Amino acid sequence: MRFVRALNTCAFFLRRRVISKHFLLCSLLKPYIGAHHFSVSGTMAAVADEDSLRRALAQKQSSIDVQGGAVRQLKSSGAAKLDIEAAVQALNALKLEKASIESQLQAALAGAAGGGSSSASRDAFRQAVVNTLERRLFYIPSFKIYRGVAGLYDYGPPGCSVKSNVLSFWRQHFVLEENMLEVDCPCVTPEVVLKASGHVEKFTDLMVKDEKTGTCYRADHLLKDFCKEKLEKDFSLSAEKAAELKHILAVLDDLSAEQLGAKIKEYGITAPDTKNPLSDPYPFNLMFQTSIGPSGVSPGLNFPFFAYSTKFHLNLRVSYRRRYMRPETAQGIFVNFRDLYYYNGNKLPFAAAQIGQAFRNEVISLSFQLRITISFCTSFVPIVLDLVMLCVLISPRQGLLRVREFTLAEIEHFVDPQDKSHPKFSDVAKLEFLMFPRDDQVSGQCAKKLQLGEAVSRGTVNNETLGYFIGRVYLFLTRLGIDKDRLRFRQHLANEMAHYAADCWDAEIESSYGWIECVGIADRSAYDLRAHSEKSAVALVAQEKFSEPREVEKLVITPIKKELGLAFKGNQKMVTEALEAMEEKVAMEMKADLESKGEVEFHVCTLGKNVTIKKNMVSISKEIKKEHQRVFTPSVIEPSFGIGRIIYCLYEHSFYTRPSKAGDEQLNVFSFPPLVAPIKCTVFPLVQNKKYEEVAKLISRSLTAAGISHKIDITGTSIGKRYARTDELGVPFAITVDSTSSVTVRERDSKDQVRVDVEKVASVVREVADGLSSWADVLKMYPLHSSETAEE
């Protein structure tokens, strides 16, 4: 009877055209026919990706809206109670199906965001890592007893050791293996140097300001957070809108100030704390200003200059009142190029490297209310004043990832712009790893594994030298302990890349914060050396001597200064310099226009406007000349490493927990490779015994002589607790003294132990710690040891 009533209800709905046949059959007849015919889970199994799930969710919501209307219509028309109940049952079934799709969409979003982990679990993991790092003194906030300073951190003993080991391996992997020239330059940099490099004008972040409180925010961060939150939490987003937000995230670094401002207005983004409207984006320079001496004026200096073939000295009173703490170490290498080139025997290619501190005023807003209570007494009554102030700070976030003072390791590889091949490229050509070319980013695709040699041959990577350093960076990071499946190389988008750069790639490492840029590898062409040559009037060039003189066609541009002076008066010099600096293509186009039209419009950058050049103002021709050498400005391939970011990502990639032997607690472990572990091994007497302690001290002396960092622990704590303490520091090996002739060596992650003679133990640990052998080799050479008390 109920089956017949359901059929009648179907007919009732169909007559009124308030719902589809397919929905009626699925929702109303499903209880009577069998679930396997209308399996929701079976249908959803085919909906694999996020876009399909969003479309399915939108369709389901549409069906819910229609069915809700049908229920309201039945109630308003006084329909039979059973008919209303059947319609409500169908509505509830639709809502359950919608909830199921939402759950699948949430799982898909979590998987895309962090390997299947939710935002909450990523936050919990990060907090566990940070708590362990601070508790074990890997790093702590600077000036902690004075409540600290945002964006400044101190490295504790284990943190210093990890950093030192990372930098030592960097020197070995790059400076030693590539025969680089290492330099060390000052942190304080004159303004004129950073003006030439473009930092004074362009080293900025785009900020927006709360129009009522004045609180400042990074414009790109607000837009990024908005898009991420909508994608992760708003299940009502259509597939098209989701695709739009994903595209914005992909090209975020490509957006201009105008485009950022337009998007912030379009999406109605307001100040996070107050919901007040925001200003238009404006640039904020990230450099710290400082001065030298009490007046900020440098004393007179005597500079030797070499211009063309003439040597002369210039006495110059330097009065640059502004200095900056360097935002990068590279400029110190560029300004020393001429001396480094001479030191290298006037030969290219060569590379110079520098490790040092850099400073950037990283920004994000933090506002809070500060209440100050002042109490004092008069001769009559006590008085208490409450002062409430709104404090606005410009401060960084993301811990070690965004700090104001940090360590950079940078390489400037100088190469002939006409020959960017590399003799050792074949060593890395077969490497295969995740790469994210700009075309894939713009089209919404994901990073995929590419072979480096193919990427260079197809032109995805601009040249062999750039490709070689990408490969070397990959090997460096993975040998440090970075997970190769959470490492990708992302190509800069067109507008993200400087106009002078030939190609740029970032090595990005995935962490609980998302993908973090840790290394930049850029072909900066000849921009930096040319800029400093023009500003300093010192030619930063290289020469290629020919075995025999060559006849070459040279462009000759001769400004007619008399005519230019009459036409432009005080601006004559700037117009003349602009004409002389023309590239060949521009000059030949001007020559053709002058011959056909008699005059041409010409843009003078230093004037910021176009001027009219007439035929009698300049002579442009080509002449055949004999040359004995070629003089050129070298191109620069620059890998730049953010050491602090790499170390933090290494902390996350190395961290895991495992249950204690009793199973009553989770123990923290850092699985550092021996290469970077802060301490290579520990030495424990099994019990407090004078003979065992003497053996432990003997082994300690042997380890010291072998150059192995270690820690000796002769406390009476149980051996299991001592193991747990050292595992939490990432110590890879533990030597336990349980006899006077032999000891056990325990490996941290497997907890396997072998028995080794006292005389040999230091050499065994040294070979494994230095990478000369592996733990698997040790297991083959020495007997496996088993102990009931090993982990107690």
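Worth saying up front: this structure is predicted, and the values here are computed from it rather than measured. By convention here, the first residue in the shown sequence is residue 1.
- Side chain of Thr576 to backbone of Gln572: a donor-acceptor contact under 3.5 angstrom is found.
- For residues 529-543, there are no salt bridge (charged side-chain N to carboxylate O under 4.0 Å, His left out) pairs, not counting sequence neighbours.
- When the options Ile470, Val461, Asn462 are evaluated for a side chain to side chain contact (heavy atoms under 4.5 Å, CB included) with Val456, the one that passes is Val461.
- The nearest pair of heavy atoms linking Arg438 to Ala494 is NE-N, 4.0 Å.
- Contact check for Lys424 versus Arg472: no side-chain heavy atoms found under the 4.5 Å cut-off.
- Taking Pro327 as the reference, Leu194, His199, Phe203, Met287, Arg360 meet the side chain to side chain contact (heavy atoms under 4.5 Å, CB included) condition, with sequence neighbours excluded.
- In summary, of the residues considered (Lys554, Lys545, Arg550), a salt bridge (Lys or Arg N to Asp or Glu O under 4.0 Å) with Glu627 occurs for Lys554 alone.
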Going through the distances and angles, do Arg326 and Val193 end up as a side chain to side chain contact (heavy atoms under 4.5 Å, CB included)?
CA-CA 10 Å; Arg326 64 182 179 191; Val193 175; over 6 Å; no
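- Remark: the backbone N or O of Phe288 is not paired with any side-chain donor or acceptor of Arg404 at under 3.5 angstrom.
- A search for side chain to side chain contact (heavy atoms under 4.5 Å, CB included) contacts involving Asn463 returns Lys420, Thr465, Leu466, Asp523, Ile637, not counting sequence neighbours.
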Could you walk me through whether Phe284 and Thr204 satisfy the side chain to side chain contact (heavy atoms under 4.5 Å, CB included) test, starting with their C-alpha distance in whole Å, then the side-chain angles of each, then the deciding distance to 0.1 Å, before giving a yes or no?
CA-CA 5 Å; Phe284 171 79; Thr204 57; 5.7 Å; no
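- Between atom CD of residue Glu412 and atom OG of residue Ser640 there is a gap of 8.0 Å, rounded to the nearest 0.5 Å.
- Counting heavy atoms from C-beta on, the side chains of Val183 and Asn336 never come closer than 4.5 Å.
- Judged purely by distance below 3.5 Å, without hydrogens or angles, the side chains of Glu410 and Thr329 pair a donor atom with an acceptor atom.
- Take Ala257 and apply the side chain to side chain contact (heavy atoms under 4.5 Å, CB included) test, not counting sequence neighbours, and it matches Leu206, Pro281.
- By the 4.5 Å heavy-atom criterion applied to side chains, Leu167 and Ile643 are counted as neighbours.
- Using a 30° and 60° split on the angle between ring planes, Phe414 and Phe350 fall in the tilted class, from 30° to 60°.
- Aromatic ring centroids of Tyr648 and Tyr153 lie 6.0 Å or more apart.
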Lys622 vs Glu584, salt bridge (charged side-chain N to carboxylate O under 4.0 Å, His left out): CA-CA, chis, key distance, verdict:
CA-CA 10 Å; Lys622 283 191 173 182; Glu584 183 172 333; 2.5 Å; yes
Side chain to side chain contact (heavy atoms under 4.5 Å, CB included) between Trp505 and Val473: does it pass, once the steps are laid out?
CA-CA 11 Å; Trp505 293 77; Val473 168; over 6 Å; no
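- Judged by distance alone, the side chain of Ser279 and the main-chain N or O of Lys209 form a donor-acceptor pair under 3.5 Å.
- The number of heavy atoms from other shown groups lying within 6.0 Å of CD (Glu201) does not exceed 12.
- The shortest heavy-atom contact between Arg338 and Ala539 is CD-O, 4.4 Å.
- Residues Cys185 and Gln354 share a closest heavy-atom pair of N-OE1, 2.7 Å.
- Contact annotation: the side chain of Asn571 never approaches that of Val604 to less than 4.5 Å [non-hydrogen atoms, C-beta and beyond].
- Residues Trp170 and Ala353 come closest through the heavy atom pair CH2-CB, 3.8 Å.
- Minimum heavy-atom separation, Cys649 to Ile509: CB-CG2, 3.6 Å.
- Annotation: the span from Arg645 atom CZ to Leu408 atom CG amounts to 10.0 Å, rounded to 0.5 Å.
- The local environment of NZ in Lys573 is sparse, with at most 12 non-hydrogen atoms from other residues, nucleotides or ligands closer than 6.0 Å.
- Annotation: Phe546, atom CZ; neighbour count of heavy atoms from other residues, nucleotides and ligands within 6.0 Å is above 12.
- Closest of all the heavy-atom pairs between Ala587 and Ile620 is O-CD1, 3.5 Å.
- In this structure, CZ on Arg524 lies 10.0 Å from CG on Leu529, to the nearest 0.5 angstrom.
- The six-membered or imidazole ring of Phe641 lies near that of Phe476, with a centre-to-centre distance under 6.0 Å.
- Under the side chain to side chain contact (heavy atoms under 4.5 Å, CB included) criterion, Gln543 pairs with Tyr341, Val541, Gln629, Val631, not counting sequence neighbours.
- Taking 4.0 Å as the cut-off between side-chain N and carboxylate O, Glu517 and Arg490 do not count as a salt-bridged pair.
- No side-chain heavy atom of Leu594 sits less than 4.5 Å from a side-chain heavy atom of Met617.
- A 4.5 Å side-chain heavy-atom check between Ile521 and Phe489 finds at least one atom pair inside the cut-off.
- A 4.5 Å side-chain heavy-atom check between Glu178 and Ile411 finds every atom pair outside the cut-off.
- Judged by distance alone, with hydrogens and angles left aside, the side-chain atoms of Asn285 form a donor-acceptor pair with the main-chain N or O of Val200 at under 3.5 Å.
- Residues forming a side chain to side chain donor-acceptor pair (under 3.5 Å) with His532 (at least two apart in sequence, or on another chain): Gln331.
- Between the side chain of Arg488 and the backbone N or O of Asp506 there is no donor-acceptor pair closer than 3.5 Å.
- In this structure, Tyr324 OH and Ser291 OG are separated by 12.0 Å, a value rounded to the nearest 0.5 Å.
- Environment of CD in Glu583: sparse, with no more than 12 heavy atoms of neighbouring residues, nucleotides or ligands closer than 6.0 Å.
- Residues Glu508 and Ile516 are not in side-chain contact: their nearest non-hydrogen atoms beyond the backbone lie 4.5 Å or more apart.
- Within the 3.5 Å criterion, the main-chain N or O of Thr460 finds a donor-acceptor partner in the side chain of Gln491.
- Here the CE-CZ distance, from Met207 to Arg218, works out to 7.5 Å after rounding to the nearest 0.5 Å.
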Evaluate the side chain to side chain contact (heavy atoms under 4.5 Å, CB included) criterion for residues Gln418 and Phe632: first the C-alpha distance (whole Å), next the side-chain angles of each, then the deciding distance (0.1 Å), finally the verdict.
CA-CA 10 Å; Gln418 295 182 8; Phe632 61 92; over 6 Å; no
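- Atom-to-atom distance recorded for Met582:CE and Leu555:CG is 7.5 Å, nearest 0.5 angstrom.
- Formation of a donor-acceptor pair under 3.5 Å by the Ser533 side chain with backbone atoms of Leu540 is found in this model.
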